Amino acid sequence: FLARSVAYLEAMGPEDGGREVRRLSREAAALAHGADGLGALAKRDGGGHAEAWHDWFGALVRDERLDEATRVGRQGISVIADIGYRARLGDRLAAVALRLGDSALAVEAARGAFRARPTELRLLQLVVIAEAAGQRQLVLDREAGEVLRPTWAHGDALAARVLVLAGRLE
């Protein structure tokens, strides 16, 4: 029954049920094949099925396959189209990187999350992670450069916080 259900759901397109079909597809893939089934689903659907990437990442973490999870997290961040999902995957990847003691990856992931969807919380997380990695000033100088670009569209208050933290008070 499960194998037929997976095949049926895989044959359906996004227009045949949208979000609910994607949810059922993820659930069926996980039940039938675990993390590897979620991985096949994420790869098949690409960046348009961000939830599959998140579920795959989460399943790998639960299975303690952390090296694989970091690879999947990096890949997901590069292919997920939705910036909110991309930012959340960056948050999750940073947490796993800290757990593994990989401070460079933690900084990279936290910076990616902040740049995808800048928030005050993500800024503070980035500062804490960069501080622990001994890269606080370098990271803040780079982010200060970003907020000074004419394309920055995430609010003057957040930009001001970045500049103050970077020590740019002029």
Side-chain angles (χ1 to χ4, degrees), residues 1-136 138-139 142-143:
F1 171 76
L2 190 54
R4 285 193 319 266
S5 297
V6 170
Y8 175 76
L9 290 167
E10 285 178 351
M12 294 182 79
E15 66 281 353
D16 296 323
R19 189 175 197 87
E20 188 62 19
V21 167
R22 289 193 312 270
R23 185 189 65 76
L24 290 170
S25 295
R26 292 190 314 276
E27 190 173 315
L31 286 171
H33 305 289
D36 296 331
L38 289 166
L41 182 63
K43 288 177 189 176
R44 188 196 78 206
D45 292 351
H49 194 159
E51 302 97 333
W53 287 91
H54 274 270
D55 287 356
W56 183 19
F57 180 85
L60 291 169
V61 171
R62 278 189 304 280
D63 292 348
E64 294 293 323
R65 294 163 60 182
L66 300 181
D67 289 336
E68 241 181 298
T70 59
R71 182 185 51 76
V72 165
R74 280 182 157 155
Q75 187 179 0
I77 288 168
S78 70
V79 301
I80 291 173
D82 182 282
I83 60 171
Y85 279 108
R86 191 178 331 137
R88 285 192 294 279
L89 189 56
D91 294 335
R92 295 176 75 191
L93 178 57
V96 168
L98 289 173
R99 189 170 154 191
L100 290 171
D102 189 339
S103 59
L105 176 57
V107 170
E108 173 192 324
R111 182 183 298 133
F114 177 72
R115 288 191 178 177
R117 174 79 43 97
T119 65
E120 189 172 337
L121 178 60
R122 285 196 175 102
L123 173 61
L124 295 175
Q125 288 173 330
L126 176 57
V127 170
V128 168
I129 291 169
E131 179 76 35
Q135 298 180 23
R136 182 180 188 273
L138 174 67
V139 167
R142 287 182 181 159
E143 296 314 309

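Values in this document were obtained by computation on a predicted structure and should not be read as measured data. Only this structure's heavy atoms are used, side chains among them; waters, hydrogens and symmetry mates stay out.
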Once you round to the nearest 0.5 Å, how far does [atom1] of [X] lie from [atom2] of [Y]?
X	Y	atom1	atom2	result
Arg74	Leu105	CZ	CG	4.5 Å
Ser25	Leu41	OG	CG	6.0 Å
Ile77	Leu89	CD1	CG	4.5 Å
Arg115	Ile83	CZ	CD1	14.5 Å
Arg88	Arg117	CZ	CZ	7.5 Å
Asp102	Glu108	CG	CD	8.5 Å

Is any side-chain heavy atom of [Y] closer than 4.5 Å to one of [X]?
X	Y	value
Asp67	Leu100	yes
Val96	Phe57	yes
Leu123	Val127	yes
Arg142	Val139	no
Trp56	Arg26	no

Taking all heavy atoms of [X] and all of [Y], pick out the closest pair and write down the distance.
X	Y	result
Ala87	Ala116	CB-CB, 3.9 Å
Ala94	Ala110	CB-N, 4.0 Å
Ala130	Val107	CA-CG2, 3.9 Å
Asp55	Leu38	O-CD1, 3.6 Å
Arg92	Gly58	NH2-CA, 3.3 Å
Ala109	Gly90	CB-O, 3.5 Å

message = Tell me whether the NZ or CZ atom of Arg111 lies within the 45° cone about the ring axis of Phe114 and under 6.0 Å from its centre.
response = no
inquiry  = Tell me whether Arg65 is salt-bridged to Asp36, with the criterion being a basic N under 4.0 Å from an acidic carboxylate O.
reply    = yes
ask   = Are the charged groups of Arg99 and Glu64 less than 4.0 angstrom apart, N to O?
value = yes
request  = Evaluate the side-chain contact (heavy atoms from CB on, under 4.5 Å) criterion for residues Leu66 and Val61: first the C-alpha distance (whole Å), next the side-chain angles of each, then the deciding distance (0.1 Å), finally the verdict.
outcome  = CA-CA 6 Å; Leu66 300 181; Val61 171; 4.2 Å; yes
query = Side chains of His49 and Arg44: do they bring a donor and an acceptor to under 3.5 Å?
reply = no
